[in-house]
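Numbering of residues begins at 1 and proceeds along the displayed sequence.
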Amino acid sequence: MEQQNKRILTLDLIKGISVIGMIIIHTLLVYANVKSQYETAIGSFIVFLGRGTSIFLICMGITFMTSSHQSLKSALKRGVLLVFAGLFMNFMKFMIPVIFNFAPDNFMQKYGWHAPIEQQYVYLVQLGDILQLAGMSLLFVGFIREYVKNKYIILAIGLFVALISREVSGINLDYPVINYVLDLLFNTDYPAYVYFPVFPWMAFIIIGMFFGKWFQELNYNAKQIFKNMLYVGLLFIAVGAPLVFLYGDYNYNGFYHMGPGGVIYFAGWTLLFLWLINTITTNVKENGFMRILKYCSKNLTSMYMIQWILISWGKGIFGYRQHEIGYVSVLIVLYIILTFSVQTLVDILRKKKTLINFRPISSNKTALK
């Protein structure tokens with residue numbers, strides 16, 4: 001019963017919504033033309049939804065603190081696996097279309113390339129996305145969870161990461177492997193290379209860890225932790241708003257490489273959103289849609305990889321950034337269906353493998369009966 005109380009339904013629902021949301025967002029970004037993205041109500045709203053990364057990261061931080069896997073070793077192992085999962089996903093997204101010659105020319109032209117682009121293989125595979133951010137962050141936050149027991153010190157570390165993010169941005173050395181790691185940590189070269197550098201984005205995960213620790217101290221009282229999120233969220237907005245709107249060059253400077261004020265401001269709105277969703281869903285009885293969202297939450301990483309690979313492959317069929325919003329809406333429905341279908345297939349294969357691995361081996365005597 002105690003283990004059940006550690007799970008927060010709201011977080012499962014939000015992570016599930018994020019799975020469906022990212023299919024919608026990525027389909028629009030890949031297939032819609034510029035007019036459809038920014039000059040239509042639907043396109044503008046979907047682009048706005050794409051600014052919800054901090055919601056996922058704060059949820060990740062909370063569940064990281066309440067997970068049943070609490071060892072430092074498990075955090076480091078998962079961190080390494082996520083980084084390699086990100087590299088594998090990039091290989092599948094970009095290299096398969098190139099190898100089998102169905103990558104659209106105008107996608108290559110986005111980078112100023114001309115076919116053939118074999119020399120760009122390594123560059124494409126190394127592109128930094130949310131999986132690399134999550135993986136690299138786990139290599140740090142695993143130590144925080146293991147050795148820092150005071151929730152306010154956890155929060156201070158998160159705010160410190162945000163505070164120094166602009167100062168350390170752009171650090172690199174002239175050594176390929178080391179430089180790639182430094183790019184994942186500090187890169188500022190959006191949109192071409194690393195979308196979510198660890199500094200400042202890890203700050204959101206650590207802020208989530210602060211609330212995860214607080215949740216533990218409240219004996220897993222979900223109602224109280226969301227009330228606390230409301231109060232802290234309002235405080236963060238009050239502190240972050242003047243920094244963003246009065247000193248934006250340093251504190252914001254774009255969504256992907258925001259400074260300390262931007263982190264605090266976005267974290268505040270995220271906490272407010274979490275409180276609001278919890279308030280709405282508190283008295284809602286479980287239904288089919290909620291079960292679908294919980295399924296998405298459970299399979300978040302694999303579904304993230306599946307939808308990106310499928311959407312990237314589709315560029316060779318449907319074209320790249322060429323379509324009106326109506327056509328893109330049809331593609332969104334198609335990719336939601338395809339993503340769930342492939343995930344279901346993965347589940348079936350996983351279950352078959354489990355059955356094979358755990359099937360008892362009969363002795364010869366038993367087999368003869």
In the structure I gave you, are the side-chain heavy atoms of F340 and I292 within less than 4.5 Å of one another anywhere?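 The answer is yes, as the side chains (C-beta and beyond) meet within the 4.5 Å cut-off.
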Can you check whether Y231's main-chain N or O pairs, donor with acceptor, with W275's side chain at less than 3.5 Å?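 Pair absent, no side-chain N/O of W275 close to backbone of Y231.
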What I'd like to find out is whether the side chain of L139 reaches to under 4.5 Å of the side chain of L76, using heavy atoms alone.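 A side-chain contact under 4.5 Å exists here.
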Minimum heavy-atom distance M89-D129, with the two atoms named: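 Minimum heavy-atom separation between M89 and D129: CE-OD2, 4.3 Å.
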Verdict with supporting geometry, L274 and F211, side chain to side chain contact (heavy atoms under 4.5 Å, CB included): CA-CA 12 Å; L274 290 172; F211 284 99; over 6 Å; no
What's the shortest heavy-atom distance between P260 and N251, and which atoms?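 That closest heavy-atom pairing would be CG-OD1, 3.5 Å.
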Do R321 and N33 make a side-chain contact, defined as non-hydrogen atoms from C-beta onward lying under 4.5 Å apart?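 Counting from C-beta outward, R321 and N33 never come under 4.5 Å.
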Does F289 share a hydrophobic cluster with V19, counting links as ILVMFWY side-chain heavy atoms below 4.5 Å and allowing steps through other members?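 Yes, it is one cluster - the side chains of F289 and V19 are joined through contacts under 4.5 Å.
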Determine, using the 4.5 Å side-chain heavy-atom cutoff (strictly less than), whether I337 and L334 are members of one ILVMFWY cluster.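 Different hydrophobic clusters.
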Would you indicate whether D249, at its atom CG, is surrounded by more than 12 heavy atoms from other residues, nucleotides or ligands within a distance under 6.0 Å?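 Count not over threshold, so no.
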Are any non-hydrogen side-chain atoms of I58 and M229 less than 4.5 angstrom apart?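 Side chain of I58 against side chain of M229, heavy atoms only: no contact under 4.5 Å found.
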Just wondering, more than 12 heavy atoms not from I42 lying within 6.0 Å of its CD1?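 Counting neighbours around CD1 of I42, 12 or fewer heavy atoms of other residues, nucleotides or ligands fall under 6.0 Å, so no.
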To the nearest 0.5 Å, tell me how far Q343 CD sits from M305 CE.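 So the CD of Q343 and the CE of M305 are separated by 11.0 Å.
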Over 12 non-hydrogen atoms of neighbours within 6.0 angstrom of CZ in F160: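 For F160, atom CZ is not crowded (no more than 12 foreign heavy atoms under 6.0 Å).
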For R166, I'd like to know if atom CZ has over 12 heavy atoms of other residues, nucleotides or ligands within 6.0 Å.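 Count over threshold, so yes.
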Heavy-atom side-chain contact between Y295 and R291 under 4.5 Å: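 No - every pair of side-chain heavy atoms lies 4.5 Å or more apart.
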Taking all heavy atoms of V263 and all of A203, pick out the closest pair and write down the distance.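 In this case the closest contact between V263 and A203 is CG1-CB, 3.9 Å.
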Under the side chain to side chain contact (heavy atoms under 4.5 Å, CB included) rule, what do L57 and F266 come out as? Steps first, then yes or no, please. CA-CA 12 Å; L57 295 176; F266 268 84; over 6 Å; no
Short question: side chain of H323, backbone of L331 - any donor-acceptor pair under 3.5 Å?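 Absent.
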Once rounded to the nearest 0.5 Å, what's the spacing between atom CG of L276 and atom CH2 of W269?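 Reported value, rounded in 0.5 Å steps: 10.5 Å.
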Do side-chain atoms of S297 reach the backbone of L293 as a donor and acceptor pair under 3.5 angstrom?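 Such a contact is absent between S297 side chain and L293 backbone.
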Are I25 and V333 connected into the same hydrophobic cluster when the rule is that any two of I, L, V, M, F, W, Y join if their side-chain heavy atoms are below 4.5 Å apart?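 No, V333 and I25 fall in different hydrophobic clusters.
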Residues, nucleotides or ligands: over 12 heavy atoms within 6.0 Å of K151 NZ: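 Result for NZ/K151: enclosed.
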For K73, does the NZ atom sit with more than 12 other heavy atoms under 6.0 Å from it, leaving out its own atoms?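 Open.
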Answer yes or no: is there a side-chain heavy-atom contact under 4.5 Å between L133 and V198?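 Counting from C-beta outward, L133 and V198 do come under 4.5 Å.
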For the residue pair Y256 and Y195, categorise the inter-ring angle as parallel (less than 30°), tilted (30 to 60°) or perpendicular (more than 60°).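 Rings of Y256 and Y195: perpendicular, as their planes differ by over 60°.
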Within one Ile-Leu-Val-Met-Phe-Trp-Tyr cluster: I317 and V30, side-chain cutoff 4.5 Å: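 I317 and V30: one cluster.
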According to a hydrophobic-cluster definition based on side-chain heavy atoms being under 4.5 Å apart (Ile, Leu, Val, Met, Phe, Trp, Tyr only), do I348 and L338 belong together?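 Unlinked, I348 and L338 end up in two clusters.
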Got more than 12 heavy atoms from elsewhere within 6.0 Å of CG, N150?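 For N150, atom CG is crowded (more than 12 foreign heavy atoms under 6.0 Å).
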Flag, side chain of S71 to backbone of S74, donor-acceptor distance under 3.5 Å: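 Confirmed, S71 side chain pairs with S74 backbone.
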Interatomic spacing from CH2 in W201 to CD in Q132 - rounded to 0.5 Å: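 Result: 15.0 Å between the selected atoms.
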Specify whether F210 and W214 have parallel, tilted or perpendicular ring planes, treating 30° as the upper limit for parallel and 60° as the lower limit for perpendicular.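 Aromatic pair F210/W214 classed tilted.
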Stepwise side chain to side chain contact (heavy atoms under 4.5 Å, CB included) test for F140 and I205: CA-CA 11 Å; F140 290 92; I205 299 174; over 6 Å; no
Short question: side chain of T63, backbone of M60 - any donor-acceptor pair under 3.5 Å?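 Flag set: sc T63 to bb M60 pair under 3.5 Å.
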Just wondering, do L9 and T281 contact through their side chains at under 4.5 Å, heavy atoms?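 Not in contact.
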Checking Y304 against F56 for the ring-ring contact (aromatic ring centres under 6.0 Å, His included) test, could you report, in this order, the C-alpha distance in whole Å, the side-chain angles of both residues, the deciding distance, and whether it holds? CA-CA 12 Å; Y304 180 84; F56 165 72; 8.0 Å; no
I130 side, atom CD1; F196 side, atom CZ - distance, nearest 0.5 Å: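 Reported to 0.5 Å precision, the distance equals 4.5 Å.
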Other residues, nucleotides and ligands only: do more than 12 of their heavy atoms fall within 6.0 Å of OH on Y250?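 Yes, OH of Y250 has more than 12 neighbouring heavy atoms, counting only those of other groups under 6.0 Å.
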Side-chain donor or acceptor of N179 paired with backbone N/O of L173 under 3.5 Å: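 Checked: pair present.
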So, for L28 and G43, which heavy atoms are closest and what is the spacing to 0.1 Å?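 That would be CD2-O, 3.7 Å.
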Tell me, with the steps shown, if I55 and F204 meet side chain to side chain contact (heavy atoms under 4.5 Å, CB included). CA-CA 8 Å; I55 298 169; F204 291 106; over 6 Å; no
Check each of L159, V148, I207 against I154 using the side chain to side chain contact (heavy atoms under 4.5 Å, CB included) test, and report the only one that passes.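 Between I154 and the candidates, side chain to side chain contact (heavy atoms under 4.5 Å, CB included) is satisfied uniquely by V148.
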Side-chain contact test, heavy atoms from C-beta onward, threshold under 4.5 Å: evaluate it for T66 versus I8 and give yes or no.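 No, their side chains stay 4.5 Å or more apart.
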Treating R145 as the side-chain partner and F64 as the backbone partner, does any N or O pair qualify as donor plus acceptor under 3.5 Å?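 Yes; judged by distance alone, with no hydrogens or angles, the pair exists.
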State whether the side chain of Q37 and the backbone N or O of A32 hold a donor-acceptor pair below 3.5 Å, judged by distance alone.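 Answer holds: yes.
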Nearest atoms (heavy-atom pairs only) where I325 meets S36: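 That closest heavy-atom pairing would be N-OG, 3.3 Å.
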Would you find a donor on one side and an acceptor on the other, under 3.5 Å apart, between the side chain of N221 and the backbone of K223?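 Yes, N221 side chain to K223 backbone: donor-acceptor pair under 3.5 Å.
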Given F245, F255, F236, Y252, the one that forms ring-ring contact (aromatic ring centres under 6.0 Å, His included) with Y265: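 That would be F245.
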Out of curiosity, I171 CD1 to N187 CG, how far, rounded to the nearest 0.5 Å?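 Going from the CD1 atom of I171 to the CG atom of N187 covers 12.0 Å.
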Quick one: closest heavy-atom pair of L131 and T301, and the distance?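 Nearest heavy atoms, L131 then T301: CD2-CG2, 4.0 Å.
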To the nearest 0.5 Å, what is the distance between OG on S312 and CG on N90?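 Between S312 OG and N90 CG, I get 8.5 Å after rounding to 0.5 Å.
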Determine whether a donor-acceptor pair (N or O, by modelled atom type, separation under 3.5 Å) exists between the side chain of S169 and the backbone of F186.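 Flag not set: sc S169 to bb F186 has no pair under 3.5 Å.
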Using the ring of each side chain (for Trp, its six-membered ring), is Y31 parallel, tilted or perpendicular to Y335, with breaks at 30° and 60°?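 Because their plane-to-plane angle is under 30°, the rings of Y31 and Y335 count as parallel.
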